Amino acid sequence: MRLNKIEVQHYRNYDGLTLDFPKTLNIFLGENAQGKTNLLESIYVLAMTRSHRTSNEKELVHWDSDSARISGVIEKKTGTVPLEIIISNKGRKTKVNHIEQKRLSSYIGQLNVILFAPEDLSLVKGSPQLRRKFIDMELGQVNPIYLYDLVQYQSVLKQRNQYLKQLAEKKQSDHIYLDILTEQLAEFGGKVLFARLEFIKKLEHWANLLHKKISHEKEELAIDYFSSIPLDKENFSLEEIQKQLLQSLLDSRKRELFKANTFLGPHRDDLIFNVNGQNVQTYGSQGQQRTTALSVKLAEIDLMYSETGEYPVLLLDDVMSELDNERQLHLLETIEGKVQTFLTTTSLDHLNNKLTVEPDIFYVHQGEIEREA
Ligand code: ATP
Ligand code: MG
């Protein structure tokens, strides 16, 4: 898949901008605070409808404007698709083929992107929340039903926690409603868990291949899904997982009522990365942790290809300077030629003599972009 063209209006520090991308590798070169990340972010928002940097939509709109608009034309094996998103204080409006989409799940997935920023190198070291977000974002793109189930799960979870608080404050005493919410939570939570377990198995396969290669066949990477409920992770069916989640919730009711909170379920889960059988978060060197993060991130390219038959578009925000020479080469080798890439950098030093394809170079300066002649 490719992004052939993008138009950006009143987005961040861009007044208006139209760019087309005939080349596979696109490099955005500029000093700090010129708009490089803003441009990658606009591509990310066009794909995901949300920013990776903020949940406050107001920040995305140019200070002097009320609404921002991003549109683009993507090219897939099945043809070209125009996409559009308008962000204003009234919310977001999305269009596919010029037709407004009411459901998030019918919009997301049209343009698949993988964003890699320096903070992704902390995927291994960072908080569990970061890893859950990683799963949700990546899985949501290849599986729109997952997004739907996740939204349902989060909404029931919120209601349930509110109700548990009301019970604790003795504003309510009816446990039948709690039972209903518990059943609903197990239904959607089970679906979320099931999809995640399947996804992690596939991710592990591709990530391990890359990890082995980067470590010169010295290291094996295994990814374990850490669940807050007991699960058979080798043999599982949706029904069994739902049953188990329901049972675990019922078993912990006393504690839930006491704490007025739901502390079991996918919103409490995590990922564990093991290198040669050892937890790399606890025991790994910084280099091993980086290799793991890089392998996992790059594995998504192969995974998306195997799931959708299309390569995603890759957004690399300032990562080259964060990687050592060898990892830079591995990164470029994985993408060059086949994956359309948008890369930002403050200097071409890290790229000189490493590229085997001719890039388009764009100069970014104070919210304006010029292509190198
Ligand atoms: P670096 O190399 O430091 O990462 P960058 O080129 O990636 O820099 P960006 O984050 O893309 O920089 O752009 C930052 C600039 O965008 C800031 O200087 C900020 O003033 C401006 N900016 C951010 N949000 C808005 C907005 N809503 N309206 C106008 N300008 C904005
Ligand atoms: Mg930046």
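Read the numbers this way: they start at 1 and go in the same order the structure lists the ligands and their atoms. Model, not experiment: these values are computed from the prediction.
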Between [X] and [Y], do the side chains contain an N or O donor and an N or O acceptor separated by less than 3.5 Å?
X	Y	answer
T80	E75	no
N261	E256	no
Y153	E187	no
Y225	D269	yes
R327	T291	yes

Hey, would you say the F21 and F342 ring centroids sit under 6.0 Å apart? yes
Quick check on contacts: which atoms of ligand 1 are under 4.0 angstrom from a heavy atom of [X]?
X	result
Q34	5 (P), 6 (O), 12 (O)
K36	1 (P), 2 (O), 5 (P), 6 (O), 7 (O), 8 (O), 11 (O)
E31	6 (O)

List the atom pairs, with distances to 0.1 Å, where a side-chain N or O of residues 81-90 and a protein N or O form a donor-acceptor pair under 3.5 Å, not counting sequence neighbours.
unit_1: E84; atom_1: OE2; unit_2: R69; atom_2: NE; d: 3.1
unit_1: S88; atom_1: OG; unit_2: K90; atom_2: N; d: 3.1

Residue and atom name of the nearest protein heavy atom (relative to [atom]), distance in Å to one decimal:
atom	result
atom 4 (O) of ligand 1	T37 OG1, 3.8 Å
atom 31 (C) of ligand 1	W63 CZ2, 3.5 Å
atom 10 (O) of ligand 1	R53 NH1, 3.3 Å
atom 9 (P) of ligand 1	N38 OD1, 3.6 Å
atom 21 (C) of ligand 1	N13 CB, 3.9 Å
atom 3 (O) of ligand 1	N32 ND2, 3.1 Å

So, using ring-ring contact (aromatic ring centres under 6.0 Å, His included) as the criterion, who are the partners of H52 when residues are at least two apart? Y44
Flag the pair R131 and D270 as a salt bridge only when some basic side-chain nitrogen lies within less than 4.0 angstrom of an acidic carboxylate oxygen. yes
With atom 17 (C) of ligand 1 as the reference point, say which of A33, A117, S321 has the nearest heavy atom. A33
List, one per line, each side-chain donor-acceptor pair under 3.5 Å for residues 141-149, sequence neighbours excluded.
unit_1: Q141; atom_1: OE1; unit_2: V113; atom_2: N; d: 2.9
unit_1: Q141; atom_1: NE2; unit_2: V113; atom_2: O; d: 2.7
unit_1: N143; atom_1: OD1; unit_2: I145; atom_2: N; d: 3.2
unit_1: N143; atom_1: OD1; unit_2: Y146; atom_2: N; d: 3.2
unit_1: Y146; atom_1: OH; unit_2: D136; atom_2: OD1; d: 2.4
unit_1: Y146; atom_1: OH; unit_2: R196; atom_2: NE; d: 2.9

Under 4.0 Å, counting heavy atoms only: does G35 come that close to any atom of ligand 1? yes
Nitrogen or oxygen of K58 less than 3.5 angstrom from that of ligand 1: no
Distance filter under 2.8 Å, centred on the Mg ion (ligand 2) - protein N, O or S atoms that pass it: T37 OG1
Plane angle bin for Y163 and Y177 - parallel if under 30°, tilted between 30 and 60°, otherwise perpendicular: perpendicular
For ligand 1, which part of T344 has a heavy atom less than 4.0 Å away: the side chain, the backbone, both, or neither? neither
Less than 6.0 angstrom from the centroid, inside 45 degrees of the normal: does R255 satisfy that with respect to the ring of F263? yes
